[in-house]
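Indexing begins at 1, ligand by ligand and atom by atom, following the structure's order. This one's a predicted model, so the numbers in the text were calculated from it and none came from an experiment. Computation of the quantities below employed the complete heavy-atom set of this structure, encompassing side-chain atoms and omitting hydrogens, waters and symmetry-equivalent molecules.
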Amino acid sequence: MAVDLLLGLQWGDEGKGKIVDVLTAKYNIIARFQGGPNAGHTLVFNGNKHVLHTIPSGIFHDKAINVVGNGVVIDPVIFKKELDKLNEEGVDYRKNLFVSRKAHLILPTHRLLDAASEAAKGKAKIGSTLKGIGPTYMDKTGRNGIRVGDIESPEWITKYRQLADKHCTLINFHQASIEYDLDALEKDFFEAIDLLKSLKFIDSEAFLHDALKHNQPILAEGAQGSLLDIDFGTYPFVTSSTTTAAGACTGLGIAPGVIGEVFGIFKAYTTRVGSGPFPTELFDDNGATMSRVGHEFGATTGRPRRCGWLDLVALKYSCQVNGVTQLMMMKADVLSGFESIDICTAYKHKGKEITHLPFDIAPEFVEPIYKSFKGWNEDLTGMTTEDELPIHLMDYIAFIEKEMEIPITIISVGPDRKQTIFR
Ligand code: GDP
Ligand code: IMO
Ligand code: MG
């Protein structure tokens, strides 16, 4: 049995949460492998919307075990809020949510450091979600971090104090005017630690190896998107983890050889939240329509998402880096009503036409080259089979498949679980 991967191919918010939820019925284990509460994964079913940040998107299925892997960074305070919400919704998470002892903790001072670092950067800020992601991964690679397994013994408090004190010095170093009440933040933090401690901690790599040995199907859930990857994204406007396929190996302790299908999720257009280059970004009515119809506001921060046409140069790059075997196209319904729809097929780069992603895709280096497609007016949101889809949408899909040389196996036509067309 293999581990299938599900990853975002753009700048995040492609609809990963929805598809993980849809696919969970086929898996015994759903395992998140990187990122933290910077993620916001939305699930809609039975008329209700649920947003998850750290908890894997299989949590609403009774039978699936949900694993928070070693590559994830956990903010106990946000984690507690998620758990409290699940409790209110009647989800008995204690029996099917396991946490890796090797996952790192986001401390209150990591969040403050994130804010101080962004404030100090001024106009050059990353547009971080301010959840402390960068500083926590910095402490991880700097070998200063505190892990879930540490809180099982009382000595961790000494380590906590030393690290938090060091962070306070660093916050002052940034000379950004950040106001905070650390005592209040720590009160919430330690309360949340108590709840975290009551969960089942596991050596998740051993747990997953054992599951594989017993032929249990596993789905690894990615957060963010490939263009936010620390190595392959639009650096420095990226997140601090490996969001691409390799991140599943390091974030769960699985070998490359056990990876089966790699599901690549993309929106039928493109969005980005935060700073950084975005060649196909639209500043016209078309962009405004995508934003309005697609309700393009961040699930974690509520910030408006920047919108633009589909970028096949970037999509091809993401497929290559991840070894995508199946594509899943989301939010096709949002494109209904456009007279014509553009796809970026190449960039003009230093006077030449190129079809690969260059080192820098800032506007001064690349200009998108488009191919236009006829739009369609039909409302897709009630459609349940491929046969019902408008011919011009089928042309759009066929073009993408031909260019990517990868089949599109799911077309999503609305946020609900049921608004999913399998091909
Ligand atoms: P994730 O971070 O990749 O899980 O995606 P988000 O949840 O941040 O953002 C995706 C948004 O699009 C959410 O509000 C979803 O409910 C919504 N969504 C997902 N699939 C579709 C779709 O096919 N059509 C429409 N209209 N909305 C969708
Ligand atoms: P999901 O899993 C969209 C973006 C932020 C910022 C950059 C760095 O919901 O797709 P960070 O807080 O990680 O230091 O921010 O990355 N970003 C996301 N954008 N979806 C996400 O997650 C994101 N997680 C981080 O907006 O530009
Ligand atoms: Mg999201």
Have a look at Lys131, Glu221, Lys16, Gln224 and point out the one with the heavy atom closest to atom 24 (N) of ligand 2. Gln224

Is Lys18 in polar range of ligand 1, meaning some N or O pair under 3.5 Å apart? no

Can you say whether the rings of Trp156 and Phe190 are parallel (under 30°), tilted (30 to 60°) or perpendicular (over 60°)? tilted

Could an N or O of ligand 1 be found under 3.5 Å from any N or O of Ala332, whether backbone or side chain? no

Ligand 2 to Arg303, heavy atom cutoff 4.0 Å, flagged ligand atoms 5 (C), 26 (O)

To check your reading of the model: name the closest protein heavy atom to atom 13 (O) of ligand 2, its residue, and the distance in Å. Thr239 OG1, 2.6 Å

Would you mind listing which atoms of ligand 1 come within a distance below 4.0 Å of any non-hydrogen atom of His41? 1 (P), 2 (O), 4 (O), 7 (O)

Nearest non-hydrogen protein atom to atom 15 (C) of ligand 1, with distance, is Thr42 CB, 3.9 Å

Which of the ligand 2 atoms, numbered from 1, are nearer than 4.0 Å to a heavy atom of Ala223: 2 (O)

Please work out which of Gly132, Ser275, Ser128 has its closest non-hydrogen atom nearest to atom 14 (O) of ligand 2. Ser128

re atom 27 (O) of ligand 2, the protein heavy-atom contact at minimum distance is Val273 O, 3.2 Å

re atom 8 (C) of ligand 2, the protein heavy-atom contact at minimum distance is Val238 O, 3.4 Å

Using heavy-atom distances, let me know which of Met329, Arg305, Glu14 sits nearest atom 9 (O) of ligand 1. Arg305

Ligand 2 versus Asp13, non-hydrogen atoms closer than 4.0 Å: side chain, backbone, both, neither? both

Heteroatom of Asp13 nearest to the Mg ion (ligand 3) (N, O or S, atom name): OD1

Tell me which part of Trp11 gets within contact of ligand 2: side chain, backbone, both or neither, using heavy atoms under 4.0 Å. backbone

Identify, by atom number and element, the atoms of ligand 1 in contact range of Ser412, meaning under 4.0 Å from any of its heavy atoms. 20 (N), 21 (C), 22 (C), 23 (O)

Just need the protein heavy atom nearest to atom 17 (N) of ligand 2, so name the residue and atom and give the distance. Leu228 CD1, 3.7 Å

To the nearest 0.5 Å, tell me how far Lys331 NZ sits from Ile265 CD1. 13.5 Å

Counting both backbone and side chain atoms, is some N or O of Lys267 under 3.5 Å from an N or O of ligand 1? no

For atom 6 (C) of ligand 2, closest protein heavy-atom neighbour: Gly127 O, 3.2 Å

So is there a nitrogen or oxygen of Gly12 less than 3.5 Å from a nitrogen or oxygen in ligand 2? no

Mutual orientation of the aromatic rings belonging to Phe60 and His50 [parallel < 30°, tilted 30-60°, perpendicular > 60°]: tilted

Are any of the N/O atoms in Gly17 less than 3.5 Å from those in ligand 1? yes

Which atoms from ligand 2 have a heavy atom of Gly274 less than 4.0 Å away? 27 (O)

As a check for students: among His41, Gln34, Gln10, Arg32, identify the option with a heavy atom nearest to atom 2 (O) of ligand 2. His41

Subset of ligand 1 atoms that lie under 4.0 Å from at least one heavy atom of Val334: 26 (N)

Met330: numbered ligand 1 atoms lying under 4.0 Å from its heavy atoms: 20 (N)

List the closest protein heavy-atom neighbour of atom 12 (O) of ligand 2: residue, atom name, distance to the nearest 0.1 Å. Thr129 OG1, 2.6 Å

Tell me which protein heavy atom sits closest to atom 24 (N) of ligand 1, plus the residue, atom name and distance to 0.1 Å. Asp333 OD1, 2.7 Å

Flag Ala299 as yes when one of its N or O atoms lies below 3.5 Å from any N or O atom of ligand 1, and as no otherwise. no

Any N/O/S atom, side chain or main chain, of Ala299 closer to the Mg ion (ligand 3) than 2.8 Å? no

What residue and heavy atom of the protein are closest to atom 27 (N) of ligand 1, and at what distance? Lys331 CE, 3.2 Å

Considering heavy atoms of the protein only, find what lies nearest to atom 6 (P) of ligand 1 and give residue, atom and distance to 0.1 Å. Gly40 O, 3.5 Å

